[in-house]
J.: 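Could you have a look at this structure, given as structure tokens, before my questions?
Both counts, for ligands and for their atoms, begin at 1 and track the order of listing.
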Amino acid sequence: MKIPYIPEDAPFNGEQKYWLAGFLAGLHSRLLVLEDKQSAPAAGASTNTQLHILFGSQTGNAEALSQTAAKAARAKGLVPVVQALGEVDLDVFATMRHVLIVTSTYGEGEMPDNAQLFWNAISASTAPRLEQMHFAVLAIGDTGYDGFCQAGKFIDMRLEQLGAKRVADRIDCDIDFEEPSSAWIGTAMPQFAASAGSSGTALESAPEAPVIPGSNKQNPYAAALVTNKRLSAEESAKDIRHFEFDLTDSGLKYEAGDALGVIPVNDAALVSLLLTQLKADYETPVPSFDRNLGDLLTYQFEISEPSRKLIEWVGQHTTNQELRHVLQHDDKDTLAVWLWGKDTLDLLQLELTRSLSVPEFVAMLRPLQHRAYSISSSSKAHPNQVHLTIASVRYHSSGRERKGVCSTYLAERVRRGEKPAIFISPNKAFRVPSNGNAPLIMVGPGTGIAPFRAFLQERQATGAEGKNWLFFGDQHQAHDYIYEEELQAWQEKGLLTNLDLAFSRDQEEKIYVQNRMLEKGAELYAWLQDGAYFYVCGDASRMAKDVDAALYEVVRQFGGLSSERAAAYVDQLKKDKRYLRDVY
Ligand SMILES: Cc1cc2nc3c(=O)[nH]c(=O)nc-3n(C[C@H](O)[C@H](O)[C@H](O)COP(=O)(O)OP(=O)(O)OC[C@H]3O[C@@H](n4cnc5c(N)ncnc54)[C@H](O)[C@@H]3O)c2cc1C
Ligand SMILES: NC(=O)c1ccc[n+]([C@@H]2O[C@H](COP(=O)([O-])OP(=O)(O)OC[C@H]3O[C@@H](n4cnc5c(N)ncnc54)[C@H](OP(=O)(O)O)[C@@H]3O)[C@@H](O)[C@H]2O)c1
Ligand SMILES: Cc1cc2nc3c(=O)[nH]c(=O)nc-3n(C[C@H](O)[C@H](O)[C@H](O)COP(=O)(O)O)c2cc1C
């Protein structure tokens, strides 16, 4: 597969460059013609009735929608060809006549990983003209983020700039995208069919392969929770837990590096407080839903983090000067500071100028979302189980104990033997190298250790002989040294060649994993020179940035390189897929 030309001046920032590097290295032609099992057409082979459905997707929503669109296309006599955007060669793209782009948005208004390379290519000044192309964009996103559906908006705008003709206006869908997207597909497909001159006669569809429950978000699996064990000591400021789920007979497969999606259930105590606030009962019927209010608040909607619609409504109907002032400023940072530690109930408890009816309230809520967790086991070591390592989110605010929805659902509301809904969320970009001799350097403080426990189990199970080095840390050695026995046993067996610990609060000056990296800089650089893979997992907002800076510093100091050459060295690690991150 040819990698599109990306000029030096292509408009992407440092972070985007990171993902681009991952993509360039990851381009090993995983051709996803998901419905028809056809090959992608060669350059120039695009026929009139072919509809190329190209998706940008991180966790599978846009990918699943592409399948829905493919079915609708066949019903209109079109021949759908479904592919990930990152796998489309720019030269082939330029020959396509009919294109439906289905994409989510990630980061802060950025492309999903598997659309970044495509975006870099079409946004470059050297991108080809696309006058022959007819296109439409189905964008999915989340109005909770500032750059709502930004990836879809950018692609839509750029295709038009390049001369492509819009067959249907773009749709921007929120997290409850199923209905609006399906209605949009219903109207866009006849337009594509007319444009492509399709006879409109439905094509025969291949029989659908059965979907294994748990293989995606749309088809979760009810997995029995068999272990819920506190890892951090009672004296710890944290409640970090180890969970094990039974997968026997599920048919589910996962790889070390994948994440598990968990669909939570809201806390009954918070539901009850909300019902009281709304002066309603659990059984109160809600027009247009086939569930009562209590069930809706328990299973269907986010009731902790306030939705934007609710914030705006309350802003318009409150005498609370602080909120009115914050909203008038229209500044997301000021609003975020004001909202920190406040939930839906806090907003309803502000002084309101008029009461809010139950249907009005429910209409402003957002669907309850799954939470992702890095899997902390290898299926080679635990063929019938999947393990997680989770820090419970708990804090006090305005005299009420606040609980993270999903972390405390698992920690305190699911009893052993009960079966929460889970699904595997593959992360193909975060894997142990296929070369068992390659050295691994893993930086995972706090719950960031999760995938590295899986990696070490995997290396042990496969008998991989490469060296392994773990940087781990948390607040106090006495209370927060999770998986201590396992790590020490692996060290004694020689599986864990190096183990460097950074307990931040055991001394006056904080010590973090990146301090340990710099202390061992000469050895770390020697490992990199030996072909080591460098992995980071855990907190994205602070730790991952500081570790990135430390890696660069190690290379500069211990490689004796100039700043520019050190930066190029780290960039090359990314391009070679030897610098990989799973941060949140
Ligand atoms: C790919 C990926 C992998 C992940 N892996 C792991 C993992 O292995 N282990 C793990 O523990 N987590 C992991 N996470 C994070 C996890 O998905 C959840 O975000 C986390 O468990 C919190 O979810 P919750 O439902 O419990 O909390 P929520 O109900 O979502 O509440 C979290 C929110 O509470 C608020 N909040 C938190 N603390 C405070 C405070 N002190 N004061 C005021 N407000 C506060 C913040 O607004 C925060 O966003 C991962 C995330 C991703 C994206
Ligand atoms: N965004 C935030 O403000 C924030 C804060 C805490 C947790 N979290 C999130 O909470 C979840 C669970 O956190 P966790 O329990 O896994 O671990 P964590 O809160 O990330 O803490 C693990 C260790 O990392 C240290 N640490 C703090 N800042 C660091 C930095 N800049 N560089 C390197 N190490 C640093 C912590 O030290 P100290 O705590 O002593 O500083 C602690 O020793 C994650 O999702 C994390 O992203 C977010
Ligand atoms: C870490 C993260 C960042 C996100 N950033 C944005 C964003 O900036 N804008 C947006 O509209 N949606 C954002 N979303 C929402 C996703 O686009 C949305 O959940 C979408 O349905 C995911 O589809 P996918 O599974 O195909 O990737 C974000 C989601 C996550 C988890």
J.: May I ask you to check if ligand 3 and Q150 share an N or O to N or O distance below 3.5 Å?
T.: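 Q150 vs ligand 3: no N/O contact under 3.5 Å.
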J.: Do other residues, nucleotides or ligands put more than 12 heavy atoms under 6.0 Å from the OH atom of Y299?
T.: no
J.: Which protein non-hydrogen atom lies closest to atom 31 (C) of ligand 3, naming both residue and atom, and how far is it?
T.: Y106 CE2, 3.6 Å
J.: Are the side chains of Y221 and I424 in contact, using a 4.5 Å heavy-atom criterion?
T.: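 No, too far: nothing below the 4.5 Å cut-off.
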J.: Might you confirm whether atom CD of E305 has over 12 heavy atoms from other residues, nucleotides or ligands at distances under 6.0 Å?
T.: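 It does not: E305 CD has 12 such atoms or fewer within range.
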J.: Quick one: which ligand 3 atoms are inside 4.0 Å of a heavy atom on S57?
T.: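 The atoms of ligand 3 under 4.0 Å from a heavy atom of S57 are 24 (P), 25 (O), 26 (O), 27 (O).
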J.: Can you confirm whether the side chains of N228 and R241 place a donor and an acceptor under 3.5 Å from each other?
T.: yes
J.: Can a donor-acceptor pair be found between the side chains of S232 and D480 at a distance below 3.5 Å?
T.: no
J.: Could an N or O of ligand 3 be found under 3.5 Å from any N or O of T105, whether backbone or side chain?
T.: yes
J.: Around ligand 1, what residues show up once you keep those with a heavy atom under 4.0 Å from it?
T.: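 Protein residues near ligand 1 are W340, G341, R371, A372, Y373, S374, T389, I390, A391, V393, Y395, G404, V405, C406, S407, T447, A450, D582, Y584.
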J.: In terms of residue, atom name and distance, what is the protein heavy atom nearest to atom 41 (O) of ligand 2?
T.: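 Its nearest protein heavy-atom neighbour is Y512 OH, 2.6 Å.
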J.: Looking only at protein heavy atoms, which one is nearest to atom 24 (O) of ligand 2, and what is the separation?
T.: P445 CB, 4.0 Å
J.: Side chains of Q116 and N120: is there a donor and an acceptor less than 3.5 Å apart?
T.: yes
J.: List the closest protein heavy-atom neighbour of atom 12 (N) of ligand 3: residue, atom name, distance to the nearest 0.1 Å.
T.: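 The protein heavy atom lying closest is D142 N, 3.2 Å.
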J.: Answer yes if the side chains of N266 and E302 hold a donor-acceptor pair under 3.5 Å, and no otherwise.
T.: no
J.: Checking a contact table here: which protein heavy atom is nearest atom 31 (N) of ligand 2, and how many Å away?
T.: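 Minimum-distance protein heavy atom for atom 31 (N) of ligand 2 reads D546 OD2, 2.8 Å.
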J.: Using distance alone, determine whether G141 and ligand 3 share an N or O pair under 3.5 Å.
T.: no
J.: Which residue from K545, K510, M543, Q475 reaches closest to atom 38 (P) of ligand 2 through any of its heavy atoms?
T.: K510
J.: Ignoring hydrogens and geometry beyond distance, is a side-chain donor-acceptor pair present between S57 and E63 at under 3.5 Å?
T.: no
J.: Closer than 4.0 Å to some heavy atom of T447 - which atoms of ligand 2 meet that?
T.: 12 (C), 14 (P), 16 (O)
J.: Between Y483 and H242, do the side chains contain an N or O donor and an N or O acceptor separated by less than 3.5 Å?
T.: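 Distance-only check passes for Y483 and H242.
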J.: Check the side chains of N61 and S104 for a donor-acceptor pair under 3.5 angstrom, ignoring hydrogens and angles.
T.: no
J.: Name the closest protein heavy atom to atom 37 (O) of ligand 2, giving the residue it belongs to and the distance to 0.1 Å.
T.: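 Going atom by atom, the protein heavy atom closest to atom 37 (O) of ligand 2 ends up being S504 OG, 3.1 Å.
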J.: Quick one: is the NZ or CZ of R366 closer than 6.0 Å to the six-membered ring centre of F301, and within 45° of its axis?
T.: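 No; the conditions do not both hold, so R366 does not lie above the ring face of F301.
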J.: Near F148, which atoms of ligand 3 are under 4.0 Å from a heavy atom of that residue?
T.: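 Once the distances to F148 are compared, the set is 11 (O).
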J.: Decide salt bridge (Lys or Arg N to Asp or Glu O under 4.0 Å) for R400 and D346; before the verdict, give the C-alpha distance in whole Å, the side-chain angles of both, and the deciding distance to 0.1 Å.
T.: CA-CA 10 Å; R400 187 152 52 85; D346 290 315; 3.2 Å; yes
J.: In the protein, what heavy atom is nearest to atom 46 (C) of ligand 2, and what distance, to one decimal place, separates them?
T.: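 Result for atom 46 (C) of ligand 2: D539 OD1, 3.7 Å.
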J.: Give the residue, atom name and distance (to 0.1 Å) of the protein heavy atom nearest atom 21 (O) of ligand 3.
T.: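 Minimum-distance protein heavy atom for atom 21 (O) of ligand 3 reads N61 ND2, 2.9 Å.
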J.: side-chain contact (heavy atoms from CB on, under 4.5 Å) with F534: which of M517, K574, R581?
T.: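 Of the listed options, the one satisfying the test is M517.
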J.: I'd like to know if P112 contacts ligand 3, where contact means a heavy-atom distance under 4.0 Å to any ligand atom.
T.: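 Distance cut 4.0 Å: P112 fails for ligand 3.
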J.: So do L470 and D500 actually touch side chain to side chain, heavy atoms under 4.5 Å?
T.: no
J.: Which one of Y579, F430, F471 satisfies the ring-ring contact (aromatic ring centres under 6.0 Å, His included) criterion with Y535?
T.: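 Exactly one pass, corresponding to F430.
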J.: Nearest protein heavy atom to atom 10 (O) of ligand 2: under 4.0 Å?
T.: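 No, there is none.
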J.: How far is atom 5 (N) of ligand 3 from the closest protein heavy atom, and which atom is that?
T.: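 The protein heavy atom lying closest is G107 O, 3.0 Å.
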J.: What residues form a side chain to side chain contact (heavy atoms under 4.5 Å, CB included) with L350, not counting sequence neighbours?
T.: V314, T318, N320, L323, W338, L347
J.: Decide whether an N or O pair under 3.5 Å exists between S104 and ligand 3.
T.: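 Checking ligand 3 against S104, an N or O pair does fall under 3.5 Å apart.
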J.: Heavy atom under 4.0 Å from ligand 2: found in F503's side chain, backbone, both, or neither?
T.: neither
J.: With nothing but distance in play, are any N or O atoms of G56 less than 3.5 Å from an N or O of ligand 3?
T.: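 Such a contact does not occur with ligand 3.
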J.: I'd like to check S425 versus L260 (side-chain heavy atoms, cut-off strictly below 4.5 Å). Are they in contact?
T.: no
J.: Answer side chain, backbone, both or neither: which part of C149 comes under 4.0 Å from ligand 3, heavy atoms only.
T.: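 For C149, only backbone atoms sit under 4.0 Å from ligand 3.
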J.: Among protein heavy atoms, which lies nearest atom 44 (C) of ligand 2, and at what distance?
T.: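 Going atom by atom, the protein heavy atom closest to atom 44 (C) of ligand 2 ends up being Y584 CE1, 3.7 Å.
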J.: Near S541, which atoms of ligand 2 are under 4.0 Å from a heavy atom of that residue?
T.: 1 (N)
J.: Counting heavy atoms only, name the option from Q514, R505, H476 that's nearest to atom 40 (O) of ligand 2.
T.: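 Minimum heavy-atom distance to atom 40 (O) of ligand 2 goes to R505.
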J.: Give the residue and atom name of whichever protein heavy atom lies nearest to atom 25 (O) of ligand 3, and the separation in Å to one decimal.
T.: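 For atom 25 (O) of ligand 3, the nearest protein heavy atom is T59 OG1, 2.4 Å.
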J.: Counting both backbone and side chain atoms, is some N or O of G147 under 3.5 Å from an N or O of ligand 3?
T.: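 It does: an N or O of G147 is found under 3.5 Å from an N or O of ligand 3.
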J.: Given N216, N114, I175, which has its nearest heavy atom closest to atom 19 (O) of ligand 3?
T.: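 When every heavy atom of N216, N114, I175 is considered, I175 comes closest to atom 19 (O) of ligand 3.
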J.: Enumerate the atoms of ligand 2 whose separation from the nearest heavy atom of G446 is less than 4.0 angstrom.
T.: 16 (O), 17 (O), 22 (C)
J.: Out of all atoms in ligand 2, which are within 4.0 Å of some heavy atom of K238? Include the element for each.
T.: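 With K238 as reference, the close atoms of ligand 2 come out as 14 (P), 15 (O), 17 (O), 18 (P), 19 (O), 21 (O), 22 (C).
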J.: In the structure I gave you, are the side-chain heavy atoms of L297 and L275 within less than 4.5 Å of one another anywhere?
T.: yes
J.: Evaluate Q369 for polar contact with ligand 3, using N/O atom pairs at a separation under 3.5 Å.
T.: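 Q369 vs ligand 3: no N/O contact under 3.5 Å.
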J.: Within the 4.0 Å heavy-atom shell around G109, which atoms of ligand 3 are there?
T.: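 With G109 as reference, the close atoms of ligand 3 come out as 7 (C), 8 (O).
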J.: If you have a sec, work out which protein heavy atom is nearest atom 23 (C) of ligand 2 and how many Å separate them, to one decimal?
T.: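 Heavy-atom neighbour on the protein nearest atom 23 (C) of ligand 2: D474 CA, 3.9 Å.
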J.: Please indicate whether any nitrogen or oxygen in Y145 is less than 3.5 Å from any nitrogen or oxygen in ligand 3.
T.: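 No - when backbone and side-chain N and O of Y145 are compared with those of ligand 3, no distance drops under 3.5 Å.
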J.: With a 4.5 Å cut-off on side-chain heavy atoms, are L456 and N468 touching?
T.: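 SC-SC contact between N468 and L456 confirmed.
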J.: Do F423 and H370 pass the ring pair (Phe, Tyr, Trp, His ring centres under 6.0 Å) test, and can you show the C-alpha distance, the side-chain angles, and the key distance before you say yes or no?
T.: CA-CA 9 Å; F423 62 94; H370 76 275; 4.9 Å; yes
J.: Provide, to 0.1 Å, the distance between atom 7 (C) of ligand 2 and the closest protein heavy atom, together with that atom's residue and name.
T.: R542 NH2, 4.0 Å
J.: Indicate whether any N or O donor in one side chain lies under 3.5 Å from an N or O acceptor in the other, for S377 and R453.
T.: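 Short answer, no.
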J.: For the residue pair Q457 / S378, report whether a side-chain donor-acceptor contact shorter than 3.5 Å exists.
T.: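 No - no donor-acceptor pair under 3.5 Å links their side chains.
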J.: Would you kindly say whether T447 and Y373 are connected by a side-chain donor-acceptor distance under 3.5 Å?
T.: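 The answer is no; no qualifying pair exists.
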